[in-house]
Amino acid sequence: MGSEGKPIRCRAAVCRRAGERLEIEEVVVSPPRSREVRLKIICSSLCHSDLTFWKITDPPAIFPRILGHEAVGVVESLGEDVNEVKEGDMVIPSLLSDCQECKDCLSEKSNLCSKLPFKISPWMPRDGTSRFTDAKGETIHHFVNVSSFSEYTVVDVAHVTKIDSSVPPSKACLLSCGVSTGFGAAWKSAKVEKGSSVAIFGLGAIGLAVAEGARVCGATKIIGVDLNPNKFEIGKKFGITDFINPEDCGDKPVSEVIAEMTDGGADYCFECVGLVSLVYEAYASCRKGWGKAIVVGVDTKSYVSISSYDIVHSGKVLMGSLFGNIKAKTDIPYLLKLYMEKELNLDDFVTHEVAFEDINKAFDLLQEGKSIRCVIWMDKAHG
């Protein structure tokens, strides 16, 4: 291609100050270095993590920054020592690396790469520099190894998964983060079994993806817990069989209601909000002896304190799940295969689509609770 090895000028939605509207401006994207690829982004979906880091002012917040990390793109050019993909391949970038070389990446038990460990870093993972500058030549920072709110971006090859070009981009991008995280939490972290019972605290996109994962794994009772009564109708599309609104429980704890519904507690409970109080509720809602409570939501400032007596005498498991224990390069193609075979529901996650120029509308919709996922198209009008 004519642009290979050269900087590219393109449009990007730049976050210059916390909470302010993104500004679409011209940026310069450097060519990829060793073990990197430059991607032409087709579309992105807006994840709640983008919203979180758009708002916060304390580190690891940093500005200016190009957000976005749920995306699909086409490989525009390659740096040195890249053999896994070629120019023109359709790929999904992911925030977690899959180097396929370290002990963790070679193990079935972990997706936490040791070679390129996950950080909320403003830089490329191998050399700690940026590939973005603005029209004045000043540095623009990266976001979780992807930065997809740009027509072109540079991503380390360990964060890129080649996919079948026949998959609709607006569905494939969902597996960059949110749906993979929730689905994987049920499928790979908890290992939900056929005929089991599941309780999900928080029915945002992640919680709904947990429900979809539990449904595909064969769970027969999938209880959704949420303060929004409208979430039950939405949740039914993803396998939710029962619904609890904590405000309707009176003085009775949710864990007691779940115990009554499941004859002693759910086999698997998922905390998908990021509230330490719900971690306790999820743990309390698990069945003694074999119940598992899986923490999927992120609360960076709180600590969990459970008595050792309860741990020993209940026999329950409390565990965390980052990116759903998904190994991007092998598991994402499998999930897309399930979608193409109509076994995995991705369609109902997409509630809105907008053109790149209207990216701030996507933020408004998510903040107002009106969208599950809004897809942002880079070069064609939608919405």
Side-chain angles (χ1 to χ4, degrees), residues 45-49 51-52 174 178-179 181-183 185-186 190 192 196-217 219-287 293-299 344-353 361-375:
S45 48
L46 181 63
C47 175
H48 206 277
S49 297
L51 193 67
T52 298
L174 303 174
V179 174
T181 295
F183 190 99
V192 169
S196 59
S197 59
V198 168
I200 302 163
F201 292 79
L203 296 180
I206 301 290
L208 294 173
V210 170
E212 180 66 6
R215 182 192 68 78
V216 172
C217 288
T220 49
K221 184 176 279 293
I222 304 174
I223 305 164
V225 183
D226 201 287
L227 292 169
N228 182 349
N230 297 327
K231 290 294 179 74
F232 189 27
E233 283 305 312
I234 297 166
K236 286 177 182 177
K237 299 176 181 178
F238 304 100
I240 299 285
T241 60
D242 301 85
F243 181 78
I244 298 172
N245 184 337
E247 291 182 343
D248 297 337
C249 296
D251 295 331
K252 192 179 287 189
V254 170
S255 57
E256 194 175 317
V257 176
I258 289 174
E260 291 171 359
M261 294 171 69
T262 56
D263 190 23
D267 300 312
Y268 304 97
C269 295
F270 298 84
E271 197 287 327
C272 301
V273 178
L275 288 175
V276 71
S277 60
L278 292 183
V279 174
Y280 290 117
E281 199 69 54
Y283 187 78
S285 301
C286 286
R287 181 174 184 81
I294 299 91
V295 180
V296 188
V298 179
D299 181 348
L344 168 60
N345 177 9
L346 293 179
D347 294 349
D348 286 320
F349 283 99
V350 180
T351 53
H352 298 80
E353 301 183 46
K361 181 181 176 184
F363 278 74
D364 293 340
L365 289 166
L366 189 58
Q367 284 196 100
E368 293 162 7
K370 293 179 179 177
S371 71
I372 302 174
R373 278 296 185 265
C374 180
V375 173

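These numbers come from the heavy atoms of this one structure, side chains and all, not from hydrogens, waters or symmetry mates.
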[atom1]-[atom2] distance between [X] and [Y], expressed to the nearest 0.5 angstrom:
| X | Y | atom1 | atom2 | value |
| --- | --- | --- | --- | --- |
| Asn345 | Glu212 | CG | CD | 5.0 Å |
| Arg287 | Cys269 | CZ | SG | 12.0 Å |
| Arg373 | Glu353 | CZ | CD | 14.0 Å |
| Asp348 | Leu208 | CG | CG | 10.0 Å |
| His48 | Gln367 | NE2 | CD | 8.0 Å |
| Ile258 | Ser285 | CD1 | OG | 3.5 Å |

Considering all heavy atoms, the nearest [X]-[Y] contact:
| X | Y | value |
| --- | --- | --- |
| Asp299 | Gly274 | CB-O, 3.2 Å |
| Phe270 | Ala190 | CZ-CB, 3.6 Å |
| Ala362 | Leu46 | O-CD2, 3.3 Å |
| Thr351 | Lys370 | OG1-O, 4.3 Å |
| Cys217 | Val192 | CB-O, 3.4 Å |

Listing, residues 231-246 side-chain donor-acceptor contacts under 3.5 Å, not counting sequence neighbours, or none:
unit_1 : atom_1 : unit_2 : atom_2 : d
Lys231 : NZ     : Leu203 : O      : 3.1
Glu233 : OE2    : Lys236 : NZ     : 2.9
Thr241 : OG1    : Ile222 : N      : 2.9
Thr241 : OG1    : Ile222 : O      : 3.2
Asp242 : OD1    : Lys221 : NZ     : 3.3
Asn245 : OD1    : Glu247 : N      : 3.0
Asn245 : ND2    : Leu227 : O      : 3.4

Could you check whether any side-chain heavy atom of Lys361 comes within less than 4.5 Å of a side-chain heavy atom of Leu365, counting everything from C-beta outward? yes
Checking side-chain contact (heavy atoms from CB on, under 4.5 Å) for the pair Cys272/Ile200: CA distance, chi angles, key distance, verdict? CA-CA 7 Å; Cys272 301; Ile200 302 163; 4.0 Å; yes
Check ring pair (Phe, Tyr, Trp, His ring centres under 6.0 Å) between Tyr283 and all other residues, then give those that pass, not counting sequence neighbours. none
Sorted by chain and residue number, the side chain to side chain donor-acceptor pair (under 3.5 Å) partners of Ser197 (sequence neighbours excluded) come out as Asp267
Begin from the C-alpha positions of Val257 and Ile223 and carry the test side-chain contact (heavy atoms from CB on, under 4.5 Å) through to its verdict. CA-CA 11 Å; Val257 176; Ile223 305 164; over 6 Å; no
